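Presented below is the structure to which this report refers.
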Amino acid sequence: MRRSVVSVFTCAALAVLAAGCADRTMAQVTPTGDPVETKTIPVNPNRDLDLVFVVDNSGSMGDEQASLTANFPAFIDVLNTISGGLPNLRIGVISTNVGTRGVTIGGCSTPTSPDGDGGRLLTNGCAGLTAPFLEDLGLADGTRQRNYTGQLTDVFTCMAQLGTAGCGFEQPLEAIYRALQPGTNPGFLRPDAYLGIVIISDEDDCSAASDELFGDALASTTSPLGPRTSFRCFEHGVTCAGDPNPRAFGTKTGCVPKVGGRYLEDVQRYVDYLRGLKANPAKVVVAGILGDVDVAKIAVVGPDADDPTRPALYPSCSSPAGEAAPAIRTTTFLEQFPGRTSVTTICDANLTGALTDIAHLFKRSLDNACIYSELADRDPAVAGLQYECSVADVTDPTGPGRIETVIPECKYTGFAPPCWRFIADPAHCDDAPDARALEVVRSAAVPADTVVEVQCVVQPRP
């Protein structure tokens with residue numbers, strides 16, 4: 001980390017070791033053993049959020065869709081606690097069905113619909129909705145501009161009940177890719193808005209690289225492709241440690257997405273695409289309600305219930321609502337957005353917990369003043385939390401004209417502005433430690449594109 005005169009307000013005042021000092025200079029960062037986190041808070045927060053719900057509409061998803069829509073109000077309840085109330089929302093729904101590359105399979109590709117739903121926004125013909133997506137925007141006078149009639153939660157319930165006649169080869173990552181291509185869903189994506197992706201599926205991703213994956217409908221266990229079942233998605237899209245024969249029955253460990261395979265797209269293709277959609281990649285936030293993947297990345301292969309000579313991927317979790325396969329590819333995709341992702345189990349008859357977790361994830365992105373990390377106590381011998389933080393106004397934060405202006409803590413200036421302090425804000429930061437938020441006290445305006453950068457020494461994560 002960096003050294004500067006800001007230590008007058010932090011390190012020296014708290015009598016801590018210099019090795020743990022967070023500071024604000026343009027100098028080279030010098031690593032130390034103390035974790036320091038940096039948080040960026042726009043002076044003029046962006047309250048625009050484009051949400052895409054990717055809903056599995058295969059034959060086993062009826063109960064899960066019902067739980068999603070029944071508990072969606074809990075999701076909105078959390079978003080309503082964001083500073084300023086409900087953000088400026090656009091919500092679209094797509095399915096995991098993008099066809100089978102023209103190969104005719106029931107529920108997937110037909111001669112008249114070779115690409116299934118193709119990433120197109122779906123509305124189910126919901127009454128009162130005037131666009132392919134739901135829009136609910138806050139106006140300067142405190143009113144809302146909406147493109148629907150009735151209640152937001154009721155309209156979403158209609159939109160998200162996609163039914164169970166969709167394709168059994170779920171391709172959520174390819175569906176996202178197609179949905180966000182220019183021209184597929186015009187008018188939905190706002191360039192400067194946060195983009196949120198929520199995937200709900202009881203199967204892993206099977207995004208095909210070509211029609212070959214779906215060919216040879218009568219293939220046996222001795223053919224290169226294997227029987228045309230969803231096991232092909234696992235065999236050709238995942239590789240496990242020390243496992244030369246994916247079809248062999250047994251427990252496999254260290255299972256990760258296959259790279260450079262012939263039949264399925266690499267997961268990294270979709271990571272790179274999403275990261276490149278925004279000038280600031282931190283504006284992409286992703287989540288999944290999926291089949292469990294444990295730390296050992298286990299997959300169990302056994303005889304198929306329909307034909308014991310064929311291999312099948314066994315569920316990794318189950319509930320009264322159903323069972324789910326380990327989402328190895330999808331979970332790996334989500335994990336490539338650290339700090340901006342949530343992965344929860346679909347094996348829960350009630351998805352309230354999963355949906356509120358995801359809503360809090362979006363809230364943490366938009367409610368930037370909340371301090372979600374556990375701050376380190378730099379002097380436990382003194383009563384109370386002796387934190388160590390530094391704060392600065394930054395203009396042109398990512399450009400060549402970047403300028404930092406250090407802001408002292410209010411307790412060292414007699415609250416003469418500009419200065420900063422921590423306050424308790426339970427109304428908006430209820431899920432932050434001690435409901436802690438940063439407040440900057442000002443007496444004069446700053447440029448509209450200014451951001452506040454906060455560096456704090458934090459407790460090591462387990």
Side-chain angles (χ1 to χ4, degrees), residues 56 58-60 96-111 113-118 166-175 177-178 201-270 291 293 297-316 324-333:
D56 185 345
S58 64
S60 59
T96 54
N97 177 11
V98 295
T100 39
R101 298 279 179 165
V103 177
T104 300
I105 298 177
C108 302
S109 285
T110 66
S113 183
D115 67 344
D117 294 321
C167 187
F169 291 97
E170 292 88 339
Q171 302 181 60
L173 302 187
E174 181 66 20
Y177 179 83
R178 296 191 190 185
S201 178
D202 62 3
E203 293 281 354
D204 198 8
D205 173 70
C206 189
S207 294
S210 74
D211 61 355
E212 287 185 279
L213 179 67
F214 307 111
D216 203 356
L218 302 179
S220 70
T221 54
T222 60
S223 74
L225 270 171
R228 195 170 73 179
T229 68
S230 59
F231 186 78
R232 283 187 183 178
C233 305
F234 172 77
E235 177 178 356
H236 301 294
V238 172
T239 183
C240 302
D243 181 34
N245 181 11
R247 300 178 193 176
F249 296 169
T251 299
K252 304 165 192 292
T253 60
C255 300
V256 296
K258 184 174 289 186
V259 176
R262 175 175 175 178
Y263 300 107
L264 270 74
E265 295 281 7
D266 285 357
V267 168
Q268 193 63 40
R269 173 181 187 249
Y270 303 108
V293 177
K297 301 188 182 300
I298 289 174
V300 178
V301 175
D304 191 319
D306 295 329
D307 181 347
T309 67
R310 301 186 315 204
L313 179 64
Y314 280 16
S316 61
I328 293 164
R329 283 171 54 88
T330 313
T331 298
T332 301
F333 163 79

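Values below: all heavy atoms of this structure, side chains included; hydrogens, waters and symmetry mates excluded. What you see is a predicted model; the values in this text were computed from it and never measured.
Of all heavy-atom pairs spanning Ser201 and Asp56, the tightest one is OG-OD2, 2.9 Å. In terms of heavy atoms, Ala325 sits closest to Glu203 at CB-OE1, 3.7 Å. In terms of heavy atoms, Pro111 sits closest to Pro114 at O-CD, 4.1 Å. Contact between Phe249 and Pro308 at its shortest, heavy atoms only, is CZ-O, 3.9 Å. Closest approach of Pro257 to Thr332, counting heavy atoms only: CD-OG1, 3.4 Å. The heavy-atom pair separating Cys108 from Phe169 by the smallest distance is SG-CD1, 4.4 Å.
Here the side chain of Ser109 pairs no donor or acceptor atom with the backbone of Ile105 at under 3.5 angstrom. A side-chain donor-acceptor contact under 3.5 Å links His236 to the backbone of Leu225. Side-chain N or O atoms of Arg310 include none that pairs as donor or acceptor with a backbone N or O of Pro303 at under 3.5 Å. With hydrogens and angles ignored, the 3.5 Å screen pairs a side-chain donor or acceptor of Ser223 with a backbone N or O of Ser220. Checking side-chain atoms of Glu265 against main-chain N and O of Cys206 turns up no donor-acceptor pair under 3.5 Å.
Between Ser58 and Glu170, the side chains place a donor N or O and an acceptor N or O closer than 3.5 Å (distance only, hydrogens not considered). For the residue pair Thr330 and Asp204, a side-chain donor N or O sits within less than 3.5 Å of a side-chain acceptor on the partner.
The distance from the CD atom of Gln171 to the OH atom of Tyr270 is 7.5 Å, given to the nearest 0.5 Å. Leu313 CG to Cys255 SG: the interatomic distance, rounded to the nearest 0.5 Å, is 8.5 Å. The structure places CD1 of Ile328 at 5.5 Å from SG of Cys240, a figure rounded to the nearest 0.5 Å.
For Arg269 and Glu174, the salt-bridge test passes: some basic side-chain N is under 4.0 Å from an acidic carboxylate O. Ionic pairing of Asp205 and Arg329 is present here: one or more N-O contacts between side-chain nitrogen and carboxylate oxygen are shorter than 4.0 angstrom.
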With side-chain contact (heavy atoms from CB on, under 4.5 Å) as the test, would you mind laying out the steps for Thr239 and Val256 before giving the verdict? CA-CA 6 Å; Thr239 183; Val256 296; 3.8 Å; yes
After noting the C-alpha distance and the side-chain angles of Arg178 and Val98, does the key distance pass the side-chain contact (heavy atoms from CB on, under 4.5 Å) rule? CA-CA 9 Å; Arg178 296 191 190 185; Val98 295; 3.8 Å; yes
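Among residues two or more places apart in sequence or in another chain, the ring-ring contact (aromatic ring centres under 6.0 Å, His included) test is passed with Phe231 by Phe234.
The side-chain heavy atoms of Thr221 and Pro227, taken from C-beta on, include a pair separated by under 4.5 Å. Inter-residue side-chain proximity for Thr100 and Cys167 is flagged as met; some heavy-atom pair is nearer than 4.5 Å.
Within the structure, salt bridge (charged side-chain N to carboxylate O under 4.0 Å, His left out) contacts touching residues 212-231 (residues at least two apart or in different chains) are Glu212-Arg262. Within the structure, salt bridge (charged side-chain N to carboxylate O under 4.0 Å, His left out) pairs that include any residue of residues 239-251 comprise Glu235-Arg247, Asp243-Lys252 (at least two apart or interchain).
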